[in-house]
Amino acid sequence: MTYVRKNAGTLTGAERRRFVKALLEVKRRGEYDEFVRMHIAYFSPDGEHKRRTAHMAPSFLPWHRRFLLDLERALRRVDSSVTVPYWDWTRDRTTTSAPWTADLLGGNGRRSDHQVMTGPFAYQKGHWTIKESVTDAAFLTRDFGRPRAPIDLPTKSDLEWALKDPVYDVSPWDSTVTRGFRNKLEGWSTGRGSTSWRNHNRVHRWVGGAMLGAASVNDPVFWLHHAFIDLQWQRWQRRHRGARYLPAKPPRPADAQHNRMVARHEKLPPWDVTPDELEDVSGIYRYA
Ligand code: CU
Ligand code: CU
């Protein structure tokens, strides 16, 4: 049976409660921090000469798709009615709209140290202590809109700019490419100032705090944001019928990108799955 991932803004009170409860239980079991650790481990930028899988690479989309499926499976072991909701930041754009309500993810951090003080993930509630991090703060932090250097959420037209590109990705398949759906959606750019962060990246910047670095998984909004990004991949596939994940084949040994990323039929570490096998998830879930 396929299940449905819903817009966070349309969840009923009971659905919000069950999602939060399942997250807290996955955290209590120690499984949540394994997801944080894994994301930190796969956060290798293209400046490092390793194989890039999760970011700055074509497999940004399938890597996070599989990552979300793993978290969703952990949640559904706790409560089989739960799925990961998505945050449509082209519609819910204020600091108090979904998903920032006290019964879902809680709100912004306080001014002094950006500590989140409201909702189920506030440190003083005692259920959400950050253990795996690149800093040593034990509490969740957010800094909506980055008041010191203001940044806006991406808009519908920013997203449209990515969706209308008919090519999945282009050589050299990294953070420097200016064409291709993948990087237009992932959002790396060589520009300066606030235009240097687009779509996916820009949302991480707008939330701020824990969402800024390799340990961004510590903020549960990570999953809601990435579910919406995952939905864009489906929208792009529907719009460009027959367009596929690229590259179809690994670059030749002489190519500087040889062994630096994952082609369509190569295994996507750390899983035993290929991007090809993750292009169609219609048998697992759909978006409402
Ligand atoms: Cu990531
Ligand atoms: Cu992300």
Side-chain angles (χ1 to χ4, degrees), residues 5 8 23 32-48 50-72 74 84-90 92 99 105 130 132-135 140-144 146 151-154 158-159 162-163 169 173-175 177 180-189 196-236 245 260-262 268-271 273 275 278:
R5 289 184 180 170
L23 268 175
Y32 196 91
D33 291 318
E34 286 175 34
F35 288 99
V36 184
R37 270 197 294 278
M38 182 165 149
H39 193 264
I40 293 171
Y42 282 84
F43 203 80
S44 49
D46 46 14
E48 289 176 26
K50 291 191 214 158
R51 189 190 287 260
R52 305 181 310 283
T53 53
H55 309 99
M56 299 181 171
S59 53
F60 166 70
L61 287 165
W63 195 95
H64 287 84
R65 173 167 282 179
R66 178 54 201 258
F67 194 52
L68 257 73
L69 275 169
D70 284 1
L71 181 272
E72 200 164 46
V84 176
Y86 63 89
W87 169 30
D88 181 347
W89 32 257
T90 67
D92 292 316
L105 301 187
I130 289 177
E132 301 295 331
S133 179
V134 284
T135 64
L140 180 62
T141 53
R142 291 177 186 144
D143 186 23
F144 291 166
R146 205 174 55 182
I151 187 167
D152 292 325
L153 284 168
D158 294 328
L159 204 49
L163 284 165
D169 205 351
W173 323 102
D174 60 8
S175 67
V177 292
F181 167 65
R182 187 274 309 169
N183 195 35
K184 286 181 177 176
L185 183 63
E186 187 177 4
W188 302 104
S189 120
S196 58
W197 307 100
R198 299 190 189 270
N199 288 317
H200 155 267
N201 281 344
R202 195 173 182 90
V203 173
H204 278 273
R205 296 274 130 187
W206 184 88
V207 176
M211 273 287 273
L212 289 182
S216 51
V217 177
N218 278 313
D219 191 330
V221 78
F222 174 92
W223 309 102
L224 282 70
H225 173 36
H226 273 277
F228 190 57
I229 292 297
D230 187 71
L231 168 57
Q232 305 316 311
W233 189 12
Q234 281 197 357
R235 287 183 176 162
W236 178 84
Y245 178 96
R260 297 282 312 279
M261 40 80 191
V262 175
L268 179 55
W271 301 285
V273 70
L278 286 163

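This chain uses plain numbering: 1 for the first residue, then up along the sequence. Order of listing sets the numbers, starting from 1, for every ligand and every atom in it.
The heavy-atom pair separating Ala57 from Arg182 by the smallest distance is O-CD, 3.2 Å.
Take the Cu ion (ligand 2) as the corner point: the lines to NE2 of His204 and to NE2 of His200 open at 100°, to the nearest 10 degrees. Our summary of the site lists the angle at the Cu ion (ligand 1) between NE2 of His39 and NE2 of His64 as 120°, to the nearest 10 degrees.
When each of Phe35, Trp271, Trp63, Phe60 is tested with Tyr42 by the rule ring pair (Phe, Tyr, Trp, His ring centres under 6.0 Å), just one qualifies, namely Trp63.
The pair Arg5-Glu72 counts as a salt bridge, with a side-chain nitrogen and a carboxylate oxygen less than 4.0 angstrom apart.
Judged by the 6.0 Å and 45° rule, Arg205 forms a cation-pi pair with Trp197.
Coordination check, His226 versus the Cu ion (ligand 1): failed, since every N/O/S atom of the residue sits at 2.8 Å or beyond.
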